[in-house]
Structure formats: C-alpha cells, structure tokens
Amino acid sequence: MRYSEMFLPTGREVPSDAEVISHQLMIRAGMIRKLTSGIYTYLPLGYRVIRKLEQIIREEMDKAGAQEVHMSMVQPAELWQESGRWDHYGKELLRFRDRHDHEYCLGPTHEEVITSLVRNDIKTYRQLPRNLYQIQTKFRDEVRPRFGMMRCREFGMKDAYSFDVDEESAEKSYERMFNAYRNIFNRCGLKFRPVEADSGSIGGKYSHEFMVMADSGEDAMIVCEKCSYAANLEKAEVACPEKKIIYEDDWLPLEEINTPNARTIEEVSDFLKVNPQDIVKTLIFNGDGKPYAVLIQGYQEVNEIKVKNYLGVTDLELASDEMVEKVTGAPKGFAGPVNIKIPVLVDYSVIDMVNFVTGANKEDYHFKNVNIGRDFKVEAFTDLRFVKPEDHCPRCGGKIKFVRGIEVGHVFKLGTKYSKAMKATFLDKDGQEKIMIMGCYGIGIGRTVAAGIEQNHDENGIIWPMPLAPYHVIIIPVNVNEISLRETAEYLYNSMITEGIEVIFDDRDERAGVKFKDADLIGIPLRITVGRKDLAQGNVELKIRRTGENKLLSLEEAVSHVKGIIEEELNSNIT
RNA sequence: CGGGGCGUAGCGCAGCCUGGUAGCGCGCCUGCUUUGGGAGCAGGAUGUCGAGUGUUCAAAUCACUCCGCCCCGACCA
C-alpha cells in the first residue's frame with residue numbers, strides 16, 4: 001500500500017482520556033478512534049491487526065477440531081428466560097423491544113443460542129463430541145468501561161462451545177482448548193500464563209484464565225515462586241492452617257463489655273487496646289434472601305466469591321442494615337456469633353483463636369473471651385478470605401508473589417448448567433436420554449491486541465511481533481523528489497508485492513524524520529531506507545524495529561532477505 | 001449507584017477567581033527555502049466557548065438544570 005493513499009491519521013499528541021500505554025499508542029498510531037464511552041471504531045491499520053489475530057485464532061481452533069459458525073448478535077428474550085439468565089444477568093445485558101413489542105437483548109455471550117442450535121440438531125452420541133466457535137461482536141453494558149480496548153462495552157470476542165457425552169470426554173475437550181489457547185498466545189508473541197480462576201456461578205472445578213503479564217492489567221493474581229501454582233486473587237486458595245491443640249483450661253470466662261460507638265475493627269481495637277488479630281469480625285451476608293454470618297480474623301478480608309461458592313447461592317451481598325438488625329437484634333457494627341440464630345461460617349483464620357473479641361449483638365457492647373465450641377456453634381470451617389502477601393502457596397508452601405495481568409482468554413467447564421435448563425439431550429449407546437456436558441472458551445480480541453502493545457513498545461511507539469504486524473515492511477525513500485531514490489523504492493515495492501510481502505511504501509513528500517517517526521510509531525517490524533549515499537554503492541538499509549539493528553543489503557538481495565526474515569518470524573512459534 | 005474532575009479550533013491547553021465581545025502550541029492551507037530522526041521564514045483558514053434557562057446594559061466567565069466524557073470506589077458470565 002502506498003502511504004500517500006492510506007487513511008492513517010497518526011498523531012504526536014494523545015487525547016487526555018487515554019490512560020494506559022496501549023490506548024495512547026493505538027490512538028496515536030491511527031488504529032482506533034472512540035465513538036462514545038466504551039465503543040470504538042477500528043481504522044484500517046487497527047483492523048488489519050485485528051484480522052491477523054482472528055486468523056491465528058481460526059487456524060488454531062480449526063487445528064483443535066473446532067468449527068466456525070456465526071450467530072446473531074440480537075437474541076430473543078425467550079432463550080434467556082429459559083436458561084434463567086434473563087432475571088440474573090443484571091444491567092450488563094442490554095435489553096430492548098422491537099416494533100411488535102417483543103423483547104430482545106444484545107448478546108454478551110452466546111451459551112443460550114448455541115445450546116438451542118445444538119439441541120435441535122444433535123440427537124445421538126454418534127454426533128458427539130462437537131466444538132463450535134465464532135468470532136463475534138459482543139455487547140456488555142459495562143458499568144465503567146476503561147483503559148481503551150481493555151474494557152469496552154462493544155468488543156470482539158472469539159467464543160467456542162463444546163458438547164460432550166460425559167465428564168471424561170468433556171475434560172478432553174477442555175484440554176484441547178487449553179492447548180489451542182497456549183498455541184494462539186504463543187504465536188502472538190505474548191508472555192502469558194494460565195491461572196486458576198473462579199468460574200462464577202457456573203460452578204465446575206475447572207476454569208483457567210489466560211493472563212498476559214502487565215502492570216496495567218485489571219486483574220490481580222498470585223503466582224508461586226517455587227511451584228507452578230498461579231491463581232486469580234478471587235480464586236487463590238488459602239491453605240488450612242495446622243490446627244493447634246486448644247486447651248479448654250485456657251478459656252477465660254465470657255465477659256460482656258461496654259464499647260460505646262466502637263463499630264469497626266479499628267475502633268474496637270483502639271478502645272479495648274487489643275490487636276485486630278485478636279478480634280473476630282462477624283459479617284452478615286444475604287445469600288438469595290437468607291442471612292448467614294461469616295466469621296473472620298479482624299485483620300483479614302472476606303472474599304465474597306468464596307462465600308458465594310461455598311453456599312452455592314446465586315446472589316450474595318452484604319446484608320442490609322435492616323437485615324442485620326433483624327438477625328442480630330443490634331445495629332450494624334455489633335454483630336457476633338454468640339446466640340445468633342443463623343448459620344455461622346468460619347474462616348480458617350479463626351481456627352486457632354482463643355479468648356477473642358466479637359460483637360455482642362447488642363448496641364454498644366462486645367464480648368471478650370469468646371471461644372469456639374463453648375460460646376457458639378460452627379456450621380463450617382472453610383477458606384473464605386483473600387490471600388495476603390504474607391501467606392504461602394496453598395500447594396507447596398512456597399513464597400507467593402502478587403502480580404497483575406490482563407485476562408485475554410478464559411476456558412470454562414460449564415457442565416450441564418445450560419444443557420439441563422434448555423434440555424440439550426442425546427441418546428446414548430443404551431438408548432438412554434442424557435444431558436450434554438458443555439464447556440465454553442473465550443478470547444477477547446481487542447484486549448489481546450492491546451495486551452500485545454502493552455508488552456511490545458518503546459518510547460517511540462509500537463513494536464509489533466511479526467504475526468500481528470499490520471504490515472511486515474515499510475520502504476522509505478529519504479527524499480521522493482530525487483528520482484533515483486523514488487524509483488528504486490518503487491522497484492523494491494513492486495518486487496515485494498510480487499513476492500506476496502505485506503509492505504507499505506512511504507511515498508509521501510515528507511522529510512525523512514517525519515517518515516521515520518511514523519514508521520516507528522506504527523510499529524512495522526522491518527524498515528527499508530533508500531538513501532543517496534548507500535544507493536550510490538548499490539545498497540539499501542534494513543533496520544529492525546525491535547532491536548534497532550541496521551544492516552546494508554544490496555539491491556539484488558534486499559527482497560529475498562526481507563522475505564526470509566518475515567517467514568522465519570511468522571513460523572517460529574507455530575507448533 | 002456514591003465521591004471527584006473536566007467540557008473553549010482536528011489534538012493538547014490558557015482565559016473563568018475579579019463579566020466588557022476569544023488566545024497559545026501542534027496540526028491544516030498557500031508561497032519560498034530546506035531535505036537521514038516530528039524543518040525555517042512569510043502569509044492564511046478554522047470556534048453555535050457541551051446544551052438550555054436565568055442574573056446583567058453586557059456571560060466562555062456568575063447561578064440553576066440537563067447532557068457528555070474521564071478518574072477513584074462499588075459492581076462484573
């Protein structure tokens with residue numbers, strides 16, 4: 001492509017609302033423009049990169065036995081009512097009515113549509129397993145879109161769905177996808193890591209997120225420095241501490257003490273002159289309308305996701321003030337486990353504690369010397385808190401490290417959540433009707449491109465890995481008004497096109513500096529400069545964007561040399 | 001949804017406090033010079049000052065309402 005004919009508005013300055021580097025560079029490099037909050041237009045350069053990524057995904061998905069389909073973005077409410085998500089998805093689901101007053105939504109994901117497709121056309125175990133995928137625009141009405149391509153409302157996603165006859169087979173499907181994802185991100189030249197993740201209300205023991213390491217990432221996770229354990233902070237387990245032997249002789253008599261206006265852990269610890277570690281926090285949660293008490297050591301924080309998963313409820317939130325008063329008989333801030341009439345869940349952090357402080361379920365009073373077993377009954381001891389930096393790896397006991405990442409992919413084992421609700425069944429060998437086991441697998445397209453930029457840039461701009469690069473080479477004649485330079489560049493350009501090389505010919509009548517800056521900014525991996533001095537010797541200059549390395553190539557060898565580098569880099573990560 | 005901030009030329013910003021008819025840099029257009037890392041000189045174009053209402057002789061500036069955008073938090077299959 002001739003630069004002079006391209007729609008490639010590059011810029012020196014960035015809009016003030018671009019916070020992260022990938023967002024700034026995508027705007028400066030003329031890849032994207034914002035239409036409105038969380039919604040972007042891809043310009044030609046940006047769209048080429050998107051298509052490169054999509055093509056890699058297609059190749060690897062096909063290799064893994066998946067087949068591409070294309071489902072509609074508009075989905076009827078009926079399907080969502082059938083799966084139960086019409087009521088549960090919340091405001092992220094953009095709903096609307098057509099002229100006949102029928103209800104629809106814009107698809108944030110496609111489990112319902114794919115399940116309805118498959119249940120009608122797959123009837124027997126002979127047709128299973130199957131894996132279908134699509135690359136589609138999704139819409140999620142995010143509360144707060146941010147970070148450019150990282151969290152959009154409208155965004156491209158590759159989503160795949162697998163259907164299997166049983167757990168064992170489903171596990172194989174999951175593994176195939178897991179491996180396909182590794183291949184995809186490897187080919188993109190990304191440094192990433194699969195981590196264990198929460199699977200949300202979907203349940204199932206398997207869920208991995210593919211995280212691209214980046215400080216600007218939205219997700220916090222922990223990685224073990226010793227073993228391979230890595231997990232999203234939401235999911236990261238805390239090992240059950242070894243239970244110390246508790247001597248009942250050490251128990252002091254329960255004591256009620258006046259603690260006027262001391263509600264928070266800090267206030268109570270200041271007032272009673274005790275460490276937060278000796279106080280037990282009692283939080284009242286509302287799980288699907290029922291109250292639960294969660295006990296945790298004062299310094300720790302409750303991970304609601306763990307509570308939610310433990311209880312198996314659909315909705316979990318901190319109880320309202322009214323609910324707290326109803327179940328504890330006291331205003332917020334004085335809840336405790338003694339004499340409470342709701343289930344009491346206790347985090348491992350409380351397991352060894354003796355003679356601790358809790359609320360007394362009475363305004364302005366706390367108990368001292370509370371002890372488990374004597375003063376209240378425990379429904380369950382389990383892991384309910386967030387990991388802290390001083391914790392150890394739950395697998396091997398090694399040191400853990402907190403890092404940040406961008407979630408570019410997620411593989412889920414869905415189980416029968418949708419197939420059961422929507423009756424996706426088949427007949428097995430024995431003529432028995434069975435429910436299909438499903439899995440779903442997503443990759444955020446725009447996000448992956450942004451992650452690629454986060455990991456591949458310098459102060460001059462983007463440095464595309466060859467497989468994602470919108471063009472492989474850019475040819476710059478230093479001065480187009482010098483006929484010999486222009487014609488040589490033109491000759492190289494035509495030769496490269498003949499060779500099938502994706503090339504930009506910067507034929508603009510601009511100063512060399514401007515063209516160099518633009519070439520660096522848009523991140524083209526290879527640059528051929530045609531200058532007077534070198535050309536006099538029959539040479540042109542090759543510059544490698546990533547390393548800054550320069551070398552002279554004779555006119556004759558230039559095209560084949562460049563082609564060799566491109567092919568090598570394109571194929572290097574294909575397995 | 002709670003807290004904070006912003007909205008003035010394509011982009012980045014000043015002007016607002018203290019009301020008097022809008023400016024700077026980059027970019028853009030024309031000409032000349034220049035030509036290996038975002039050139040120099042000269043000339044030029046570009047604004048319903050986010051919208052509405054009010055106060056005032058007079059509003060970018062003050063007040064109220066609305067809209068949009070951003071940040072922090074809450075939320076997030």
Side-chain angles (χ1 to χ4, degrees), chain A residues 9-20 23-24 27-28 30 33-39 80 83-86 88-93 105 107-112 138-148 150-153 157 159 161 197-204 207 209 218-219 232 234 304-305 308 314-318 407 410-414 417-418 438-442 444 459-461 476-482 485-486 489 506 508-522 527-535 540-541 543 545 548 550:
Chain A
T10 58
R12 201 188 304 227
E13 284 169 314
V14 285
S16 47
D17 57 16
E19 285 252 308
V20 295
H23 189 195
Q24 294 172 358
I27 288 171
R28 286 189 54 206
R33 288 293 181 264
K34 183 167 74 181
L35 218 209
T36 182
S37 179
I39 299 180
W80 286 74
S83 71
R85 287 208 287 184
W86 188 256
H88 279 116
Y89 209 98
K91 287 189 185 161
E92 257 186 39
L93 186 65
C105 61
T109 174
H110 282 71
E111 282 84 4
E112 282 80 1
K138 309 283 190 195
F139 193 92
R140 295 181 191 176
D141 200 356
E142 293 283 348
V143 201
R144 184 141 95 82
R146 59 180 130 183
F147 299 149
M150 301 282 190
R151 183 162 291 263
C152 291
R153 292 196 292 170
M157 180 168 166
D159 48 325
Y161 305 89
D198 176 58
S199 32
S201 55
I202 281 171
S207 166
E209 286 169 347
E218 281 192 291
D219 289 279
N232 194 305
E234 293 176 344
E304 288 189 27
I305 288 168
K308 188 173 166 183
T314 313
D315 292 312
L316 184 85
E317 54 184 12
L318 268 177
E407 179 192 347
H410 202 159
V411 290
F412 267 106
K413 218 170 136 189
L414 283 179
K417 181 178 161 95
Y418 298 94
M438 292 174 61
C440 76
Y441 317 93
E459 65 281 3
N460 293 314
I476 298 183
V478 165
N479 184 343
V480 290
N481 297 315
E482 284 188 38
L485 301 188
R486 191 182 66 220
D506 195 346
R508 293 174 301 167
D509 184 8
E510 288 285 355
R511 298 170 63 85
V514 172
K515 299 200 222 184
F516 293 152
K517 287 286 182 192
D518 275 331
D520 285 350
L521 177 61
I522 64 178
R527 186 182 92 194
I528 294 286
T529 309
V530 184
R532 192 194 296 166
K533 251 191 222 161
D534 294 330
L535 189 59
V540 292
E541 179 187 311
K543 183 164 185 176
R545 174 71 177 88
N550 268 311

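None of these values were measured; they are calculated from a predicted model. Lettering of chains follows the sequences in order, A, B, ..., and the numbering in each one begins at 1.
- For A/K543 and B/G37, a side-chain-to-base donor-acceptor distance below 3.5 Å is present, hydrogens and geometry of angles not being considered.
- Toward the 5′ end of RNA chain B lies the nearest nucleotide of A/T36, the other residue of the pair A/T36 and A/L316 mapping further downstream.
- Using a 4.0 Å heavy-atom distance criterion, A/D534 is classed as a base contact.
- Contact annotation for A/N460: no contact, since no heavy-atom pair falls under 4.0 Å across all strands.
- Counting any heavy atom pair closer than 4.0 Å across all strands shown, A/R33 reaches no nucleic acid atom.
- Between B/G12 and B/U8, the distance separating the two C1' atoms is 12 Å to the nearest Å.
- The base of B/G73 lies outside donor-acceptor range of the side chain of A/R146, with no N or O pair under 3.5 Å.
- Remark: A/E218 engages A/R146 in a salt bridge, criterion side-chain N to carboxylate O under 4.0 Å.
- Judged by distance alone, with hydrogens and angles left aside, the side-chain atoms of A/R153 form a donor-acceptor pair with the main-chain N or O of A/S37 at under 3.5 Å.
- A residue-by-residue look at A/P15 and A/N479 shows that A/P15 has its nearest nucleotide of RNA chain B further toward the 5' end.
- Comparing B/C1 with B/U61, their C1' atoms are spaced 33 Å from each other, to the whole Å.
- Between A/R12 and B/G25 there is no side-chain N or O to OP1 or OP2 distance below 4.0 Å.
- No side-chain heavy atom of A/E510 sits less than 4.5 Å from a side-chain heavy atom of A/D518.
- At the phosphate of B/C11, neither OP1 nor OP2 sits under 4.0 Å from any side-chain N or O atom of A/S16.
- Base pairing analysis places B/G7 opposite B/C67; the two distances defining the Watson-Crick or G-U wobble pair are each below 3.5 Å.
- Judged by distance alone, with hydrogens and angles left aside, A/E510 brings no side-chain donor or acceptor close enough to the base of B/G38 to form a pair under 3.5 Å.
- In the set B/A77, B/C72, B/A39, B/A39 carries the atom at the smallest distance from any side-chain atom of A/V514.
- For A/R85, the listed nucleotide lying nearest its side chain is B/A77; candidates were B/A77, B/G73, B/G38.
- Comparing B/C26 with B/C69, their P atoms sit 31 Å apart, to the nearest whole Å.
- No hydrogens or angles were tested; on distance alone, nothing pairs the side chain of A/E13 with the base of B/G38 as donor and acceptor under 3.5 Å.
- With hydrogens and angles ignored, a donor-acceptor pair under 3.5 angstrom links the side chain of A/R151 to the base of B/C76.
- With C1' as the reference atom, B/G44 and B/U48 are 23 Å apart, rounded to whole Å.
- A salt bridge does not link A/K417 with A/E111: every distance from a Lys NZ or Arg NE/NH1/NH2 to an Asp or Glu carboxylate oxygen is 4.0 Å or more.
- Exactly one residue among A/V530, A/V540, A/T529 makes a side chain to side chain contact (heavy atoms under 4.5 Å, CB included) with A/L485. That residue is A/V530.
- Under the Watson-Crick or G-U wobble criterion, with both distances below 3.5 Å, B/G23 is paired with B/C13.
- One N or O donor and one acceptor, one from the side chain of A/R140 and one from the base of B/A77, sit under 3.5 Å apart.
- Here the side chain of A/Y161 pairs a donor or acceptor atom with the backbone of A/H110 at under 3.5 angstrom.
- Side-chain N or O atoms of A/R545 include one that pairs as donor or acceptor with a backbone N or O of A/D520 at under 3.5 Å.
- Around the CZ atom of A/R33, the shell of radius 6.0 Å holds more than 12 heavy atoms that belong to other residues, nucleotides or ligands.
- B/C6 sits 30 Å from B/U46 when the P atoms are compared, rounded to a whole Å.
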I'd like a list of close polar pairs between nucleotides 1-9 of chain B and the protein, N/O only, cut-off under 3.5 Å.
none

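- Nearest nucleotide to the side chain of A/E111, out of B/U35, B/A77, B/G38: B/A77.
- Across B/G12, B/G38, B/A77, the shortest atom-to-atom separation from the side chain of A/T109 is found for B/A77.
- Relative to the ring axis of A/F516, A/R527 places its NZ or CZ within 45° and under 6.0 Å from the centre.
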